[in-house]
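A quick write-up on the structure given underneath.
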Amino acid sequence: MTITVSNLAPGCHYGTIQSFPLLRPAAKRKPAVTSRMCGMVMSENPEDLARLMESVALRRDVAAFEVLFRHFGPKVKTYMLRQTRNPQLAEELMQETMMAVWNKASLFDAGRGNPSAWIFTIARNLFISAYRKQNRPEFDPNDPAFVPETIEPAEVVLQGLQEAESLRAALNELPDEQRELVSRSFFADVPHSALAAEYGLPLGTVKSRIRMALAKLRKSMEGGR
Amino acid sequence: MNIRHHVSDTLLAAYATGDLAEGWSLAVATHLSLCPECRKRLAKFEAVAADMMEALPAEADVSGSWDAMKARLAGSDAGVALPPEKTVSKPVASPVLPEPLRSYVGGDAKALKWKPLGRGAYQVQIPTRDEETTVRLLRIPAGRPVPEHSHGGRELTLVLAGSFSDEQGRFARGDLEEADEDLQHQPVAGSEEDCICLAVTDAPLRFSSRFLRIVQPILGI
């Protein structure tokens, strides 16, 4: 995937966002999420969210986008809030993220199921370019030097689905303290040193627990093949 | 291509979550362009990171957010169907430097202004916007040792042409070596051709105090 978000300017477009063909979060087994909209409770499962994305892409459907906005907006804002600790900036970055989702909706591949991974990468890249003022270099699948996958795409899709699912399962099986460390360090929310202070652990222990947790996740990915 | 030395989980997870400074990211992304296996691993880390984002509590205040958004949409193409976007790829002979690296240095290996380092070795420094890393391309003559360089902290080396060997094994195109201050190594370029590699290191600590600058090499900081 190539997400080039350069020099954030209001209202301008966000460069090229190409969907990554292997990124296919498991669609089936996730529980449906409920959200409240206009006083009624709506249920959005990952397939519905993908269909809404399609509707936004093909028909520029504002009603569909509103459902997506009400589902992802608060999550993206919380994510930005944890990164920046600045409510106003978090709101702006959330708005920019959702605007990019609107503008780039046609680049989302509905076959990928839940759009959350795609939206997350947009949010993450916006955070890096707009807040940290850095680039986030990414590979370019159209580059002549790019080495493509050799397996048939259909197989890769299936394999990717199974592996993502087994990784999730593995994440849930981690001991609580490891899962929490991984999840909190995952969001750059808390540096390792702060986690160490909070849990009263030596820094080396925090690092090795995170490393162990990642190794377990990795092992489960290999087992799923 | 047969890549044997891959990105570690820790580094890949940090890349997936955007937790890596630009210099390190450049080495990881360039390795990813050559390594389908690590791209698959990246997809999984991104899926998990997205799950974690989905699971975040909605503690942020978003009242009024939709109205602001709706106002912005009114000025856009709401309701108008769009043609699908196309990506344009230009045909170029297979370059030594894959993207995103090629754009960073402004051309392929042959077109660059290489600066001599002595003993037949050359380098090109690559500017980034982070303050944590120093990034350079190195070209080591075939069969020769890599010029001595200090390991203040972490070092990532990605081979793009030729090969080098050290205590960790042989590294050829696409292979990534992660070294830290604990690793003592004396890499030697393979005899088949000059070795071109991308080297990313922690920038040495810069002290403003003259006294500290003088004692810095003595203390090894």
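All chains are named by letter (A, B, ...) in the order of the sequence lines, taking the proteins before the strands, and each is independently numbered beginning at 1.
Of the charged side-chain nitrogens involved, at least one lies within less than 4.0 Å of a carboxylate oxygen, so that A:Glu96 and B:Arg72 count as a salt-bridged pair.
With sequence neighbours left out, B:Asp166 forms a side chain to side chain donor-acceptor pair (under 3.5 Å) with B:His185.
The contact between B:Tyr15 and chain A is made by backbone and side chain atoms together, counting heavy-atom distances below 4.5 Å. Residue B:Ala68 touches chain A through both its backbone and its side chain, counting heavy-atom pairs closer than 4.5 Å. Residue A:Met94 touches chain B through its side chain alone, counting heavy-atom pairs closer than 4.5 Å. With a 4.5 Å cut-off on non-hydrogen atoms, B:Leu101 does not touch chain A at all.
The environment of CD in A:Gln88 is sparse: at most 12 heavy-atom neighbours from other residues, nucleotides or ligands sit within 6.0 Å.
Proximity of B:Arg129 to A:Asn135: side-chain heavy atoms (C-beta onward) are separated by under 4.5 Å at one or more points. Annotation: side chain of B:Pro100 is not in contact with side chain of A:Glu138 (no heavy-atom distance under 4.5 Å).
The backbone N or O of B:Ser65 lies less than 3.5 Å from no partner atom in the side chain of A:Glu91, so there is not a single donor-acceptor pair. Listed for the A:Asp140 side chain is no donor-acceptor partner under 3.5 Å among the backbone atoms of B:Glu99.
Closest approach of A:Phe139 and B:Leu42 over heavy atoms only: CE2-CD2, 4.2 Å.
Taking chain A as the reference chain and counting heavy-atom pairs below 4.5 Å, the highest number among B:Ala29, B:Ala14, B:Ser103 is found for B:Ala29.
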Carefully, step by step, assess B:Leu73 and A:Phe69 under the rule side-chain contact (heavy atoms from CB on, under 4.5 Å). CA-CA 12 Å; B:Leu73 292 186; A:Phe69 186 93; over 6 Å; no
